[in-house]
S.K.: 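Please see the structure below; I have some questions.
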Amino acid sequence: MPATDYQGSSVPFASLGRSILSIRRDQVHAMDGHHDSAQEHELEAFQRRVADLFHDLAGGGGGGGDELMSLAWLRKLLDTFLVCQEEFRVILFNHRGAASRAPLDRMIAEFFDRGVKALDVCNAVRDGIEQVRQWQKHLEIVLRALAPAPAPALGEGQLRRAKKALTDLAILMLDEKDAASALSHRNRSFGRSGRDAHRSSPSASAGAGAGHFRSLSWSVSRSWSAARQLQAIGTNLAAPRSHEIVATGGLAVSVYTMSSVLLFVMWALVAAIPCQDRGLQTHFSIPRSFVWAPPILSLHERILEESKRKDRKNSTGLLREIHQIEKWAHQLSDLTDNLQLPMPDEKEMEVRQGVDELALVCHAMKEGLEPLERQVREVFHRIVRSRTEGLDSMSHNAE
Amino acid sequence: MAENGEERLINAVLQIAKALGRTDTMTEDIIKQFSDFDGRLSLDKLAVRRDPGGGGGGGGGGGGEDSVPFERTLRALDRQISHFMGLNRLIWSDSDDADKFLEAVDDLLDTIRDLDAHPAANKQLLASADELLQRCVLRLEDEFRSLIERPDAAAPPPPRGPRAYDSEESEGEEEEEEADEGEGQIPIARPVTDYDIVIDALPPGSVSDLHEIAARMVAAGFGRDCSEAYVLARRGFVEESMARLGLRPRTAEEVQAAPWAALEDEISRWIRAFQMVFRILIPSERRLCDRVFDGLAPFGDLAFAGACRAPALQLLSFADGVAAASRAPDRLFRVVDMYEVVRDLLPGLDPLFADHYSAALRAEVATVCKALGSSIRGIFMELENLIRRDPARAAVPGGGLHPITPFVSDSLFTGGFNTATHARAMDKPADASRGAGAGPAAPVDPDRPTSSLAVHIAWIMDVLERNLEAKSKIYPDPSLSCVFLLNNGRYIIQKVKDSELEVLLGDEWMRRMMARVRRWGGEYQRATWGKVVAVLHLGSAGATAATAKSMKERLRIFNNYFEEICREQSGWVAADEQVRAELRVSVLEMVLPPYRSFVGRLKGMPDAGRDKYVKYTPDDVEARINRLFEGTVKK
């Protein structure tokens, strides 16, 4: 997999040796001679763990089949989040006394606020997954239309059906704002365009059509913006200063780590899945001295690059499978648009290739979308749980 | 018979055409001539008639010869079908047309099946048959969609007046019971109390038309297309119906930040909407799907899930938001309401969401139910924290109710608190949600009902009681401390008795609580009236020894005590009339008999100055005691 840009950062990662925590710890030691070494160990292990997990995601683990931004990769990303969240929860629990005192209480409260904001991203992403599922169903129709059996060669009828399914798919995949205008051009049936005499009013029918194809996002309001939400999650997220680290016995670093992980994971989800007002401008200013910073920054950079690629600029989501559908469905549309039957062999080959590729994508989505959705829900519930537990233990200890 | 005659005529025509025509094309042309000449000799009738004859006559020659009848059939079907395709209106706007079109499609499907089965079928022929079929199906799909979207566009023309199934015209139609009583009657939205109704969103005629089309599409291998067409056409209606229930989308963040009053209203709306959606709208959709796709599994399941899943999930996400939001005790009721609605619904969902495609939705409802349940547990925890942290600041004047008492008991024991609900909500082990472990170590007596709800509530009551005892220490006067505890204790008992929770807390709890309250009452009597009665007590042995003088002295002391107590305690507070009456009666019982006998004795003394010393007659004493505890409860 193309991870060249990652290599650059993984080398310093390997040789970094001393994490920011251990550097800062020297200061802590200098200031108060006694410090609980078990706690240090625990916090240090958390940093390592986060770094390892993201290193793995960035391609360092060498796991196959989970290319960047593929469904499989996203699922791995969410697993990573859940693991980090769980370990962070344990840390908070173990230090619930400290967590209810300033300045850590404020930091944790901020983290929980970010969590609440992330809940809405989860909801929006779930809607987006539902939308992708809709595409998958149309993709299945395309595939069925172009399936080799029972006719040995593609017939006129099959072609017609495939074209219609491809058009439907293309319209579904358009942005909402483009969909309405595209619909007026949609060749919904044959020979009847322009003379929709049986319809009471042509404009009403176009409106009804637009309704069919609009993306569904009821769980967030129309004015909601994923881009703004991400920005809100990232607001005031800054690496803790050394006096804060000292004052919190290093816990400030853990909170910052988890906040960054949360922001990155939400950002990546929004990047991958169609969402209302996607936007990837969120700024990541993580000091590279954190062990986990290089892999996260590298991933961020690569995803951003992907979003700037010409063929992906106008994509509704950077999910690899979406790209594949766009690419191959487009190709198939082109192929079938100006096709004379019987098809020349090489055209036939091209169509078959497109169908095979789409079949792979379709399979991947069939296998992956449902679990991904479940994971997104799991992330939602875990954020809620960690928040309520955290608030509870803080209030108990505040007595 | 006429029909018989027609048949003979047609056969004759066919014979003539066959005899005259040396080639197929010629025969076709001749037939066409005939059909133009006489309406009875329509092309399709002739075509249908010709096929079996032609097939039999062919007698199994070579492949080329064999395909001739197929070719003819196809050509005839093509003509027939093209006629319908050319229609500038819905085919289904005329039921005869619709029947004929379906018949043609069936013939085409049969022909294709035969062609497929035929060993030497002409590939070219199969391809063109297939092509024809695809055209039919596309048209079918269009008709299918139109029938769902505008059922009135189909035959027969609708009678005047609004119709229950017309999604355009009837506001919130799911609020109306089907207007069976008569066509043309204006449906009126009534407040729904019985959710056990199913709406026919489409007229039965449309439903059976849709089923006919769906059956053909599935037979032609277009099942998925059909269910997708259904989804696209139907989801708009489902969403529209939900939108009319008056909920606006709220993000989790908004729910967190919303003022409670606004959220409370939204919750009431949500509960109604939830009932509507899950008890009426979705079951109705399920029934519609099941009818349209009757016998065409799994396409019905696919269509149903596609139409309902997303809107239903979005409705649920509000409950998620509430479950994740603040757990202030005043939210308890509303969250419980939500919990109840969702929980009660769960068993009913099984038949609706039994299939593979909707299973996730069923799971999601269960998850939301769990989240609301744990929110309720959280609220209890919050309540406990609140009591613990409520400091004893200023004493409530007159030993009245401390605000915390009604706050806690009203939260717990008033309103539609239904025992079963709580038993279930609290079924989860309390410790699981207790994270920090600072919670109670569930003091379960072997005699007590051990449901976690009872334990929870008993625990909250214990916490409250301890808190109140701490607060009672603020009063400098121990009598007033007792009255304070008595009042608050009695309030709690009354609330428990008024609720269904008495059973849950158990007789033992109630007995102990009553005993405590009695003890406080006794302590009050002793502390306030003990010395008063002691003054009157002459002792049986020394009765005769008592001199008038000493008795007058005692009476003077009594009068002082009594006046002081009356002055002070008339402003004290009793939790309610009953408490007031009981307090007075107990004081009367304690004071009046000794006072009567004391006064009696005094009066019986020869040298007593009679009434001069007796400032208060026993009746006066009684009257004054009956004016104690006149203070009013301020809640």
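Owing to the predicted nature of the structure, the values given are computational and were not obtained by experimental measurement.
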S.K.: Can you say whether A:Arg385 sits under 4.5 Å from chain B via the side chain, the backbone, both, or neither, judging by heavy atoms?
M.R.: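 No part of A:Arg385 comes within 4.5 Å of chain B.
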S.K.: So that I can tick it off, tell me whether B:Glu364 and A:Arg374 are bridged by a salt bridge, with the cut-off set at under 4.0 angstrom between side-chain N and carboxylate O.
M.R.: no
S.K.: Taking only residues two or more places apart in sequence, or in another chain, which ones meet B:Ala219 in a side-chain contact (heavy atoms from CB on, under 4.5 Å)?
M.R.: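 Only B:Leu109 meet the side-chain contact (heavy atoms from CB on, under 4.5 Å) criterion with B:Ala219.
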S.K.: Where is the tightest heavy-atom contact between A:Glu130 and B:Ala310, given as atom of each residue plus distance?
M.R.: CG-CB, 3.8 Å
S.K.: Heavy-atom pairs under 4.5 Å with chain A are the metric here; pick the option from B:Ala360, B:Gly306, B:Gly221 that has the most.
M.R.: B:Gly221
S.K.: Within the 4.5 Å heavy-atom criterion, are B:Asp320 and A:Arg377 side-chain neighbours or not?
M.R.: yes
S.K.: Under a 4.5 Å cutoff for heavy-atom pairs, which residue among A:Arg133, A:Glu373, A:Glu370 has the most contacts with chain B?
M.R.: A:Arg133
S.K.: Kindly indicate whether the side chain of B:Val231, heavy atoms from C-beta on, has any atom under 4.5 Å from the side chain of A:Gln134.
M.R.: yes
S.K.: I'd like to verify something: which residue of B:Asp225, B:Val137, B:Val255 has the highest number of heavy-atom pairs under 4.5 Å with chain A?
M.R.: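 Greatest number of close heavy-atom pairs with chain A: B:Asp225.
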S.K.: Does a donor on one side chain and an acceptor on the other come within less than 3.5 Å for B:Gln256 and A:Arg387?
M.R.: yes
S.K.: What I'd like to find out is whether the side chain of A:His381 reaches to under 4.5 Å of the side chain of B:Lys370, using heavy atoms alone.
M.R.: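 They are not in side-chain contact.
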S.K.: Can you name the closest pair of heavy atoms from B:Ala252 and A:Leu119 and give their distance?
M.R.: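 Looks like CB-CB, 3.8 Å.
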S.K.: Any carboxylate oxygen within less than 4.0 angstrom of a Lys/Arg side-chain nitrogen, looking at B:Asp130 and A:Arg161?
M.R.: no
S.K.: With rounding to the nearest 0.5 Å, note down the distance linking CG in B:Leu313 to CG in A:Asn123.
M.R.: 9.5 Å
S.K.: For residues B:Glu253 and A:Asp120, report the shortest heavy-atom separation together with the two atoms involved.
M.R.: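 Minimum heavy-atom separation between B:Glu253 and A:Asp120: N-OD2, 2.9 Å.
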S.K.: What distance do B:Glu228 atom CD and A:Lys137 atom NZ have between them, rounded to the nearest 0.5 Å?
M.R.: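 Going from the CD atom of B:Glu228 to the NZ atom of A:Lys137 covers 5.5 Å.
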S.K.: First locate atom OG of B:Ser317, then atom CG of A:Asp127, and finally report the distance between them rounded to the nearest 0.5 Å.
M.R.: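 Between B:Ser317 OG and A:Asp127 CG, I get 7.5 Å after rounding to 0.5 Å.
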S.K.: Rounded at 0.5 Å granularity, tell me how far NE2 in A:His138 sits from CZ in B:Arg224.
M.R.: 11.0 Å
